[in-house]
Every structure is written in C-alpha cells, then in structure tokens.
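Each remark here refers to the structure printed beneath this line.
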Amino acid sequence: MRYVYGIGPLEPRQLVVAVILMTLLSVLSYYLVEQPTRHQRIGFGKSLGLYYLMPAILVLALYHSSNILRIQAIPKEVYAWGKRNTGLLVETLEGDGLIGDKSKSPTVLIAGDSYTGHLDVFFDTLGKREGWSAYAVSIPGQPYFINYERHPSSQCYDLDQERDRVIHKNLDRYDVVILSSFWGGAHYYKGGFDLCEGLDRTLSYLLARGKKVYVIYSGDYVNRVFWKEYPLLDLGINLANQDFRDEKYKKSRAYSERIKTLVQEKYPQVSWIDLTLYIPQNLMLGSVPVLADNTHLNFYGAEHITRRFVEDGRRLVK
C-alpha cells in the first residue's frame with residue numbers, strides 16, 4: 001500500500017484495507033504454509049528442491065516472461081530524469097558541460113539544482129534551434145546563488161563550492177545567465193536557507209555586471225509518485241485516487257509565487273519563464289506519467305514541455 005500510494009500518510013479507508021489484507025494473509029500463511037511445513041519430515045534433498053530451487057525457478061521464469069498477466073517492465077523514460085548525453089553536467093564537473101549548438105562558443109551559463117538537470121533536453125534543444133551554446137551544470141540540492149553560504153551538511157556541499165568557484169572564475173565569458181531551480185521553499189533543501197534572499201542577492205549581482213538573466217520555474221512538490229502505479233495503470237487499475245495537491249503542494253506553490261513576485265516586481269528586466277503551464281493538470285500524458293518522482297519531470301515530461309514550448313513559437317534566449 002505504501003509503495004502504490006506514494007508519499008504521506010495513508011487515508012483511513014486505505015489503512016482499513018491494509019489491515020484486513022495483512023490479517024487475512026497472515027492467517028492463511030500460518031495455517032497453509034507455516035504449520036504444514038513445521039510438521040513435515042522430509043530429507044535435505046527434497047526440501048532443497050521444493051523450498052529453494054522450485055521457487056527460484058518460478059521467480060526467474062516470471063522475470064523472463066513478464067508478458068504473463070500483461071505486466072510490463074517500467075520504461076526508464078518513466079522513472080528517470082536527466083543525464084541523456086546532452087553534455088549537461090549532473091552531479092559532476094568532469095566534462096566540458098557544453099550543450100546546444102556546440103559549433104558556437106558558449107555565451108550562455110545555465111546553473112542550478114536538479115531542476116536544471118531534469119530540463120537537459122529542453123535546454124539542449126532550444127540551444128540548437130536558436131543557435132547558441134551554453135555551459136550547463138546541475139548540482140542536486142544546490143541552487144546557484146552568488147555569495148550565499150549554505151550549511152556544510154547540505155547535499156553535495158563540496159561539489160557546490162567547487163562549481164561556484166569555477167563559475168565565478170569564468171563568469172565574464174557569458175552574456176546570458178539562466179537560473180533553473182526548485183523554487184518551492186527552503187524546507188526542500190538540507191540545512192535550509194532563504195531562497196528569496198539568495199535569489200535576490202544573485203540577481204542584483206548579475207544585473208550589476210550587465211548580464212541578461214532568465215529564471216526558469218518548472219515544477220512543484222506533489223504527494224504522489226506516479227511511476228509506481230504505472231504497471232497497474234497499464235492493466236486499467238487506478239488505485240491511487242487521492243488528491244496529490246495536498247498541503248505540501250500548496251506550501252510549495254505558495255513559495256514559488258513569492259519567488260515569482262520578487263522577480264517580476266523588483267527585477268522587471270529579468271525574464272520569468274513558467275514551464276509549469278505546459279505540464280498536464282493530471283500529470284499524465286494519456287496513461288503515462290510526466291514525473292519521475294514526486295517533483296522532477298521524467299523523460300516524457302521534459303520532451304513534452306520542450307515540444308509545447310517550440311510549438312508556441314517561443315524563444316528561450318532572445
């Protein structure tokens with residue numbers, strides 16, 4: 001039940017069903033498996049074949065014959081995000097980090113946390129269409145902020161410090177800076193910090209140095225992990241029917257609105273690009289989810305947003 005229904009407490013009716021099923025299965029296991037097995041007197045060879053080899057063979061047979069009951073393996077595109085050989089650096093600084101039109105010298109810097117990584121195909125596609133290349137780096141749990149100290153216990157802290165040093169050393173090379181991160185609140189990050197303060201300081205610094213700045217907003221926290229339901233949905237079974245826009249979602253969304261207000265009211269020269277407009281309301285494309293987990297776009301989701309953005313005739317870097 002926890003696996004299928006995802007994150008957060010189970011609803012009362014789900015708990016009732018879970019307790020009934022656990023009790024029933026426990027009773028059946030006790031009388032049909034445990035007791036008969038305890039009182040049997042069989043030799044080592046027979047017990048080895050009956051209780052170890054046959055189950056192992058059955059499991060392997062089911063694994064290699066997943067078409068039984070039409071249960072299909074979950075495609076990587078459903079549960080994975082980022083790292084698609086576009087050149088964008090994710091959780092590393094090894095490599096040139098170049099994406100887009102690589103025949104051009106990089107004039108664009110793209111930096112942020114995992115919300116940069118899950119848009120790798122978006123940035124790469126737009127760069128190629130619009131004729132620019134970018135140095136792009138994504139460090140999980142670490143938005144790119146200038147002169148803003150994070151807590152040493154935060155995720156990828158050392159890598160974040162090294163990224164900041166590399167970017168600061170080369171910042172004059174870039175005319176355009178794109179900031180792409182999770183804007184839903186400091187509670188998401190280990191150590192915690194004020195996103196508004198960090199972004200405010202960073203935008204002020206970049207604009208003072210003549211940079212053209214874009215801020216990308218690409219998602220919020222939801223109380224659902226859709227890919228776990230994928231095999232059931234493929235069978236036409238929809239068990240997870242609770243509202244995934246719960247209090248955590250509302251809190252995340254409200255903080256994102258604070259970020260939007262900061263950008264649009266204090267820095268009107270900065271472009272706020274809201275990609276959530278292209279995310280389906282039910283977070284599904286037919287029977288396929290667009291999220292890799294409860295917050296990041298999967299491959300299908302990122303490609304869908306990219307396609308919709310291009311179809312609308314929009315440009316990323318103007």
Side-chain angles (χ1 to χ4, degrees), residues 1-81 187-188 190 219-252 280-301:
M1 298 289 274
R2 293 286 303 161
Y3 181 87
V4 171
Y5 286 100
I7 298 169
L10 295 175
E11 295 180 0
R13 66 176 181 274
Q14 296 164 351
L15 287 171
V16 170
V17 172
V19 169
I20 292 174
L21 288 174
M22 285 190 292
T23 302
L24 178 61
L25 292 172
S26 296
V27 170
L28 290 175
S29 173
Y30 180 77
Y31 285 107
L32 300 182
V33 180
E34 295 179 30
Q35 289 302 311
T37 302
R38 285 181 61 217
H39 298 293
Q40 279 187 342
R41 295 292 184 267
I42 59 176
F44 174 78
K46 187 175 180 180
S47 63
L48 178 67
L50 185 62
Y51 298 130
Y52 291 90
L53 296 182
M54 286 185 64
I57 291 171
L58 177 61
V59 169
L60 289 173
L62 288 172
Y63 176 78
H64 290 289
S65 304
S66 58
N67 284 329
I68 297 174
L69 300 179
R70 289 185 58 250
I71 297 176
Q72 302 295 325
I74 301 175
K76 181 181 179 182
E77 289 77 9
V78 171
Y79 64 83
W81 57 270
H187 61 280
Y188 176 79
K190 292 182 179 179
D220 293 296
Y221 179 102
V222 299
N223 183 25
R224 189 100 161 252
V225 181
F226 285 79
W227 70 261
K228 293 181 178 181
E229 307 163 28
Y230 183 78
L232 297 175
L233 292 172
D234 189 50
L235 294 171
I237 302 171
N238 185 5
L239 296 180
N241 55 6
Q242 77 270 32
D243 184 10
F244 51 83
R245 291 183 172 88
D246 62 355
E247 288 304 314
K248 288 186 177 180
Y249 166 80
K250 293 174 183 176
K251 182 178 180 181
S252 169
Q281 282 295 306
N282 64 353
L283 305 181
M284 302 288 289
L285 291 173
S287 62
V288 179
V290 298
L291 296 186
D293 47 29
N294 64 312
T295 184
H296 296 98
L297 294 164
N298 60 19
F299 290 1
Y300 292 124

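Throughout, numbering of the chain's residues begins at 1 and tracks the sequence. These numbers come from the heavy atoms of this one structure, side chains and all, not from hydrogens, waters or symmetry mates.
Residues Trp227 and Ala292 share a closest heavy-atom pair of CD1-O, 2.7 Å. When all heavy atoms of Thr37 and Val33 are compared, the pair lying nearest together is OG1-O, 2.6 Å. Trp81 approaches Leu297 most closely through the heavy-atom pair CB-O, 3.0 Å. Of all heavy-atom pairs spanning Gln35 and His39, the tightest one is O-CD2, 3.1 Å. The nearest pair of heavy atoms linking Lys250 to Arg245 is CE-O, 3.8 Å. Of all heavy-atom pairs between Gly49 and Pro55, the closest is O-CD, 4.5 Å.
Checked against side-chain contact (heavy atoms from CB on, under 4.5 Å), Tyr31 has the following partners two or more places apart in sequence or in another chain: Val27. Annotation: ring pair (Phe, Tyr, Trp, His ring centres under 6.0 Å) contacts of Tyr249 (sequence neighbours excluded): none. In this structure, Ser26 has no side-chain contact (heavy atoms from CB on, under 4.5 Å) partners at least two apart in sequence or on a different chain. Every side-chain contact (heavy atoms from CB on, under 4.5 Å) that Leu32 has, sequence neighbours left out, goes to Leu28. For Tyr52, there are no side chain to side chain donor-acceptor pair (under 3.5 Å) partners, not counting sequence neighbours. Remark: Asp220 engages Tyr217, Ser252, Arg253, Ser256 in a side chain to side chain donor-acceptor pair (under 3.5 Å) (not counting sequence neighbours). Remark: Met284 pairs with Phe226, Leu233, Asn282, Pro289 by the side-chain contact (heavy atoms from CB on, under 4.5 Å) rule, at least two apart or across chains.
For the pair Asn298 and Leu291, the minimum side-chain heavy-atom distance is 4.5 Å or more.
The line from CG of Leu15 to CE of Met22 is 8.5 Å long, rounded to the nearest 0.5 Å.
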